[in-house]
There are 2 protein chains.
Amino acid sequence: MPIKRRKSKVVSPPEECPLTVCMRLLGGAWTPNVIWYLRSEPRRFSELMSDIPGVSPKVFTARLKKLEADGILSRRVEPTSPPTVEYSLTDLGHELVPAIEAIVNVGCKLKRRRG
Amino acid sequence: MPIKRRKSKVVSPPEECPLTVCMRLLGGAWTPNVIWYLRSEPRRFSELMSDIPGVSPKVFTARLKKLEADGILSRRVEPTSPPTVEYSLTDLGHELVPAIEAIVNVGCKLKRRRG
DNA sequence: CTGTATCCTTGGCGATACTG
DNA sequence: CAGTATCGCCAAGGATACAG
């Protein structure tokens, strides 16, 4: 039996198209919703959690961390007790809003048409 | 040791927001690219494959099948030999184009800004 | 309130070879 | 040309309990 050769993932897509670049940013689960609910004003962790039902805290934390790392949102801690944490869109985050809006528009159309 | 109770997945998200509805349509890998390259004219299987480098035929076929099932594109077979198959956007598919364009626009901005 | 810590599952994606 | 057939994988996502 021959040795199972471990596949080598593609190392570097020499150039990445804008579409792919952007989709990577808003690809993860819950990402578009987070941006959507932050589009007009900052919100706190628990507010976002109830804005977006069905997500577990672990997953949600991970998502927010990733978005922060991507420079899409920023996290501000109020040193109160109990602590309050406020998330808001960065400039980059705001640039994504039109795309989200376009998606929402189509979604509305679909819902209207299909119920 | 207590019996491991099998988790019960959420049965029915009582209502799905437009954002989620739409994101499910264009969520899969390569989906936005397919729509993008079909936006102005029909294209054939192999044309799309070379438009979108790096995708394997199996995955690509599955993707196209799913998009057809979703009513986003339609498939037309020319009974020639060798066969030629043409994919084109449906009306629903065309409705998605503005969203894709918005995403592409952001992606372009990002690329310009960051290289 | 805002998260970590554990543990688990799955299906989406990929490589490669082959076919009508 | 336009796909199937196999095989494989692992990371993203989730449930639940606990912590500062």
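So that the names make sense, note that chain A is the first sequence line, chain B the second, and so on, each numbered from 1.
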* To do: Please examine the side chains of A:L26 and A:M23, heavy atoms only from C-beta on, and report whether any two atoms are closer than 4.5 Å.
  => yes

* Which residues pass the side-chain hydrogen bond (donor to acceptor under 3.5 Å, both in side chains) test with B:E86, sequence neighbours left out? -> B:R76

* To do: Indicate whether OP1 or OP2 belonging to D:dG3 is found under 4.0 Å from a side-chain N or O atom of B:Y87.
  => yes

* To do: Return each pair, listed once, that meets side-chain hydrogen bond (donor to acceptor under 3.5 Å, both in side chains) where at least one residue sits in residues 43-54 of chain B; pairs must be two or more places apart or across chains.
  => B:R43-B:D51

* Go through residues 69-82 of chain B and report each residue with a non-hydrogen atom lying under 4.0 Å from DNA chain D, sorted by number. => B:R75, B:P82

* To do: Send over the distance from A:M49 CE to D:dT16 C1', rounded to a whole Å.
  => 13 Å

* To do: Using ring-ring contact (aromatic ring centres under 6.0 Å, His included) as the criterion, list what pairs up with A:F45, not counting sequence neighbours.
  => A:F60

* **Any donor-acceptor pair under 3.5 Å from A:K111 side chain to B:C17 backbone** => no

Between side-chain atoms of residues 28-36 of chain A and protein atoms elsewhere (two or more places apart, or another chain), which donor-acceptor pairs fall under 3.5 Å?
from: A:T31; atom 1: OG1; to: A:G28; atom 2: O; distance (Å): 3.2

* **Protein-nucleotide distance (B:R24, atom CZ; D:dG13, atom P), rounded to Å** => 14 Å

* **Heavy-atom closest contact (A:V55 atom, A:I52 atom, distance)** => CG1-O, 3.3 Å

* **Where B:P18 and A:V104 come nearest, the two heavy atoms and their spacing** => CB-O, 3.9 Å

* Could you check A:P83 against A:V59 and say which one's nearest nucleotide on DNA chain D is further toward the 5' end? => A:V59

* Structure fact -> B:K109 meets the side-chain hydrogen bond (donor to acceptor under 3.5 Å, both in side chains) criterion, sequence neighbours left out, with A:E95

* Structure fact -> Hits for side-chain hydrogen bond (donor to acceptor under 3.5 Å, both in side chains) against A:R75, two or more places apart or cross-chain, chain-then-number order -> A:Y87

* To do: Taking only heavy atoms on the protein side, list every residue of residues 26-47 of chain B lying under 4.0 Å from any atom of DNA chain C, sorted numerically.
  => B:G28, B:A29, B:W30

* All pairs passing side-chain hydrogen bond (donor to acceptor under 3.5 Å, both in side chains) where residues 52-66 of chain A contributes a residue, at least two apart -> A:K66-A:D70

* Listed nucleotide nearest any side-chain atom of A:T84, set D:dG3, C:dT4, C:dT2 -> C:dT2

* Structure fact -> Residues passing the side-chain hydrogen bond (donor to acceptor under 3.5 Å, both in side chains) test with B:E101, sequence neighbours excluded, are none

* Send over the distance from A:K58 NZ to D:dA11 C1', rounded to a whole Å. => 10 Å

* If you round to the nearest 0.5 Å, how far is CG of B:L64 from CD1 of B:I72? -> 11.0 Å

* Rounded (10°) bend between the five-pair end axes of the helix from C:dC1-D:dG20 to C:dG20-D:dC1 -> 60°

* To do: Give, ordered by number, those residues of residues 60-68 of chain B having at least one heavy-atom distance below 4.0 Å to an atom of DNA chain D; if nothing qualifies, reply none.
  => B:T61, B:K65

